[in-house]
Number of protein chains: 2
Amino acid sequence: MARPQLSDEVAAHVRELVLTGQLRAGEFVRVEKLAEDLGMSITPVREGLLALRGEGILTLAPRRGFLVAPLSEQDLLDLFWVQAQLAGELAARATPLLDDEQIAELGELQEKLVTALGEGDLTTVERLNHEFHRTVNRAAGSTKLAWFLKTATRYVPLRYYQRVGGWPDATRHDHFAVLEAFRARDPEAARAAMVEHIRHAGRLLAAHADLPEDTGDGTTG
Amino acid sequence: MARPQLSDEVAAHVRELVLTGQLRAGEFVRVEKLAEDLGMSITPVREGLLALRGEGILTLAPRRGFLVAPLSEQDLLDLFWVQAQLAGELAARATPLLDDEQIAELGELQEKLVTALGEGDLTTVERLNHEFHRTVNRAAGSTKLAWFLKTATRYVPLRYYQRVGGWPDATRHDHFAVLEAFRARDPEAARAAMVEHIRHAGRLLAAHADLPEDTGDGTTG
DNA sequence: CCTCCATAGATCATGCATTATATTTTCTGC
DNA sequence: GCAGAAAATATAATGCATGATCTATGGAGG
């Protein structure tokens, strides 16, 4: 697979630029320049930017161009609130659906995570964390909830968690609580543990990111 | 404004086709045919379809085309669950932010709604319902929560509520409960009333729509 | 049953018309 | 004659149409 779907490449590229602060709120995203930078024509670039508008990351001023939507610290907390509610519901739903084998698998993932953390291999920690959550969310079996969760998660830059102080330790701690709830087959405990886990991560990330306190305008696009 | 953004027109058009069942799950959406039907070129059509993929309504099979994503009755209930959580949170946040004037305005909207309902003017009922919610959601002042709510709401076909038996009466009843919570300045009561209102609407809509019980596959796109 | 080829369709590149913004010019009032 | 505003022009970038390329599918032939 050489380069499937150039527009996806554009979306991923620009999303990173925005979330890492290389493109700042209010700035215009020039189609032609992007096309040149990425070595492609403007058509797929425009398509990718339209997709990002759909994600709420860009806004479109007709005949003026695409510009970066404002993102305040409160926005980030709100996004994590959404993530927490969704991940909590998925964990609760997954609880009665997880069989012994799957719970054992989650336990193994967590063991590996602890090991990697001991070795300071944060990239592996982040990968295992991702797998842990993916296993839970798939088990819950709700396409639409998973879709919303994925959308909320897109606001976290790639490979970002490992750079956030305190996150790896928090993850180790929080996952044990989630696992325990699964083993006890207690859906509401699983929900509570998962909600707390996500909000925990959100607080750490919001404190780490350098964002304005609030954007002031209630623009929805 | 003659025809701003053809791709938006495409997205709205196809969204309606899908949600009203004129395009069914698994069917391919042919770009060229759509372009001819709507009297435009294939470029904006493709752009519109990419936007719908971003909404989770279509999926993209590379080099094969766009096809309608499956939507089960459970999916619809899940979407309303999301809607309910978000609308509830927004109502709770709005409660301390609404001033007397805004609450009075909501009361007036509700009075007009009752009147319109008495006259059997369901189109006006739906419009007033929309205004009622919009007022609350704007007052809450969270761009991101509002964005997710809007996205979840897009799965309800336009002018659909008025065709759902029992919805108008349910709305009249439920809105009073929400209003009372606002007047009592009780955020949690407002949340509970709003959650119940949305879930109520969701149950009615799911019962009205003719959808498969479950799609079986856990495809997320 | 496997291979090769024809065809339909998606995907991307390019070009043109349209529109918003910046700049310059012209007009008006003092 | 000069300052400021309004109008006209120039420039730049979007938005759409068209055309070329590439890929996946279905069927004929081995």
Side-chain angles (χ1 to χ4, degrees), chain A residues 1-15 17-18 22-70 217 219-221, chain B residues 1-15 17-18 22-70 217 219-221:
Chain A
M1 53 177 213
R3 303 207 308 185
Q5 297 303 107
L6 293 189
S7 57
D8 290 340
E9 192 180 326
V10 174
H13 180 74
V14 175
R15 196 185 297 121
L17 288 182
V18 172
Q22 299 176 59
L23 276 173
R24 291 198 296 186
E27 268 185 63
F28 275 91
V29 183
R30 293 301 170 194
V31 176
E32 197 166 332
K33 174 170 165 45
L34 255 177
E36 194 172 354
D37 288 352
L38 295 176
M40 62 184 71
S41 175
I42 66 169
T43 303
V45 171
R46 180 176 160 81
E47 288 170 358
L49 297 187
L50 279 167
L52 290 181
R53 177 181 70 145
E55 293 180 21
I57 291 177
L58 301 180
T59 61
L60 176 57
R63 284 282 172 192
R64 301 260 339 265
F66 296 87
L67 43 85
V68 180
D217 66 351
T219 312
T220 31
Chain B
M1 53 178 215
R3 303 208 308 185
Q5 297 304 109
L6 291 190
S7 58
D8 291 339
E9 192 180 327
V10 173
H13 180 74
V14 175
R15 196 185 299 121
L17 288 182
V18 172
Q22 298 176 59
L23 277 172
R24 291 199 296 186
E27 269 185 60
F28 275 91
V29 183
R30 293 303 171 192
V31 176
E32 198 168 328
K33 174 169 165 45
L34 254 178
E36 194 172 357
D37 289 352
L38 295 176
M40 64 183 72
S41 176
I42 65 170
T43 303
V45 170
R46 181 176 161 80
E47 288 172 355
L49 297 186
L50 279 168
L52 290 181
R53 177 181 69 145
E55 294 180 20
I57 290 177
L58 301 179
T59 61
L60 175 58
R63 287 281 172 189
R64 302 264 335 269
F66 296 88
L67 44 85
V68 180
D217 65 351
T219 312
T220 32

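So you know, we letter chains A, B, ... as the sequences are listed, proteins then strands, and number each from 1.
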**Prompt:** Which one, C:dG9, D:dT14, C:dT14, comes nearest to the side chain of A:I42?
**Reply:** C:dT14
**Request:** Using a 4.5 Å cut-off on heavy atoms from C-beta on, say whether the side chain of B:Q5 contacts that of A:L60.
**Result:** yes
**Asked** Where the side chain of A:R30 is concerned, which of C:dT11, D:dA13, D:dT18 is the nearest nucleotide?
**Response** D:dA13
**Asked** In whole Å, what is the span from the CG atom of B:L34 to the P atom of D:dA17?
**Response** 13 Å
**Asked** Rounded to the Å, how far apart are B:E36 CD and D:dA17 P?
**Response** 13 Å
**Request:** Give the rounded distance in Å between these two atoms: CD of B:E32 and P of D:dG19.
**Result:** 12 Å
**Item:** Atom-pair distance (CG on B:L49; P on D:dC16), nearest Å
**Value:** 14 Å
**Prompt:** Taking for each residue the nucleotide of DNA chain C bearing the nearest heavy atom, is the 5' side occupied by A:S7 or by A:R63?
**Reply:** A:S7
**Sugar-phosphate, base or nothing in reach of A:R64, heavy atoms under 4.0 Å** = sugar-phosphate
**Prompt:** Would you say a side-chain N or O of A:R46 is under 4.0 Å from OP1 or OP2 of D:dG15?
**Reply:** yes
**Request:** Flag the pair A:R53 and B:D8 as a salt bridge only when some basic side-chain nitrogen lies within less than 4.0 angstrom of an acidic carboxylate oxygen.
**Result:** yes
**Prompt:** Is atom CD of A:E27 surrounded by more than 12 heavy atoms (other residues, nucleotides or ligands) closer than 6.0 Å?
**Reply:** yes
**Message:** Let's go through A:M40 and A:V10 carefully: what are the C-alpha distance in whole Å and the side-chain angles of both, what is the deciding distance for side-chain contact (heavy atoms from CB on, under 4.5 Å) to 0.1 Å, and is it a yes or a no?
**Reply:** CA-CA 10 Å; A:M40 62 184 71; A:V10 174; 3.6 Å; yes
**Message:** Please report the distance, rounded to the nearest Å, between CD in B:E47 and P in D:dT14.
**Reply:** 12 Å
**Asked** C:dA20 P sits how many Å from A:L67 CG, rounded?
**Response** 15 Å
**Request:** Take the protein atom CZ of A:F28 and the nucleotide atom C1' of C:dA20, then report the distance between them rounded to whole Å.
**Result:** 10 Å
**Request:** Check every atom of C:dT19, C:dT11, D:dA17 against the side chain of A:Q5 and return the nucleotide holding the closest atom.
**Result:** C:dT11
**Message:** If you only use heavy atoms from C-beta on, which nucleotide in C:dT18, C:dT11, C:dA13 is closest to the side chain of A:M40?
**Reply:** C:dA13
**Asked** Can you tell me if the side-chain N/O atoms of A:T43 get under 4.0 Å from OP1 or OP2 in C:dC12?
**Response** no
**Asked** So do the side chains of B:R15 and B:V18 get within less than 4.5 Å of each other, counting heavy atoms only?
**Response** no
